[in-house]
Amino acid sequence: HNQYKLFYEIMSNAKTNYNLSVYEQDWLQKQFSDQDFPMEVIGEAENWLQSMNDAAHDLGIEIMYCMPNRNDYLISTTLQAVTSIRVSTDYVTWLREGRFPEWNIGLNNLLAFSVGLLPTKDVFWSTGEQPGYKRSGKLTKANEPNPGLTALIATLSAGQVAPGDKLGLMNKTLIMRTCNLDGTLL
């Protein structure tokens with residue numbers, strides 16, 4: 001019951017003050033693997049996700065899961081507010097380390113569709129160079145070698161498309177290739 005109150009307060013405040021319509025729950029893997037309570041108390045992890053869902057549903061807000069475990073895909077079938085799920089790795093990991101290609105989303109897309117969720121790719125840069133990018137408070141050089149590919153993969157994921165450029169650095173021409181003028185995805 002206290003978990004519901006917490007989620008309701010957070011989401012209600014964000015809806016009132018910022019017109020929140022989609023709540024993104026990130027770091028699901030870490031929240032369960034790095035916390036004792038979901039592993040020590042039977043049903044506690046499910047209660048936490050159910051409370052989040054109930055608060056969102058009562059407020060008319062959708063939920064997008066990010067960095068999910070496989071069981072998060074499955075439990076979403078019982079939660080009406082969960083409508084989308086991120087199927088890619090963190091974009092910054094790809095940029096910084098070149099590991100786990102964040103555009104390699106095919107199998108996760110199939111899993112998302114099979115449980116009725118819209119798959120989405122993490123944000124992407126529509127412009128290759130992002131001067132002044134900070135990681136852990138330190139200026140870092142990061143470059144997107146193929147903005148066109150990342151925009152295409154985001155569009156083909158069939159979920160939300162989220163450019164993540166620094167303010168003033170968006171490539172409007174490329175971004176507008178992902179949607180109509182009214183924002184309808186192509």
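The residues of the chain are indexed from 1 along the displayed sequence.
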Flag for Gln3-Glu44: side-chain donor and acceptor within less than 3.5 Å: yes

Atom CD of Glu46 with >12 non-hydrogen neighbours under 6.0 angstrom: no

Partner set under side chain to side chain contact (heavy atoms under 4.5 Å, CB included) for Asn108, not counting sequence neighbours: Arg70, Tyr73, Val87

By side chain to side chain contact (heavy atoms under 4.5 Å, CB included) - contacts of Glu62 (at least two apart): Val22, Thr83

Tyr65: partners by ring pair (Phe, Tyr, Trp, His ring centres under 6.0 Å), with sequence neighbours left out: none

With sequence neighbours excluded, residues passing side chain to side chain donor-acceptor pair (under 3.5 Å) with Gln50: Asp54

Listed partners of Lys30 passing salt bridge (Lys or Arg N to Asp or Glu O under 4.0 Å), at least two apart: Asp34

Residues forming a side chain to side chain donor-acceptor pair (under 3.5 Å) with Asn71, sequence neighbours excluded: none

Residues that Ser12 engages under side chain to side chain contact (heavy atoms under 4.5 Å, CB included), provided they are two or more places apart: Tyr8, Thr16, Leu59

Residues in side chain to side chain donor-acceptor pair (under 3.5 Å) contact with Gln80, at least two apart in sequence or another chain: Asn53

Set of side chain to side chain donor-acceptor pair (under 3.5 Å) partners for Thr178, sequence neighbours left out: none

Any side-chain donor near an acceptor of the partner, Ser126 and Asp165, under 3.5 Å: yes

Anything under 3.5 Å between a donor and an acceptor, one on a side chain of residues 179-186, the other on a protein residue two or more places apart or in another chain? List them.
{"residue": "Asp182", "atom": "OD1", "partner": "Thr184", "partner atom": "N", "Å": "2.9"}
{"residue": "Asp182", "atom": "OD1", "partner": "Thr184", "partner atom": "OG1", "Å": "2.8"}
{"residue": "Asp182", "atom": "OD2", "partner": "Thr184", "partner atom": "OG1", "Å": "3.3"}

Listed partners of Thr173 passing side chain to side chain contact (heavy atoms under 4.5 Å, CB included), at least two apart: Asn171, Arg177

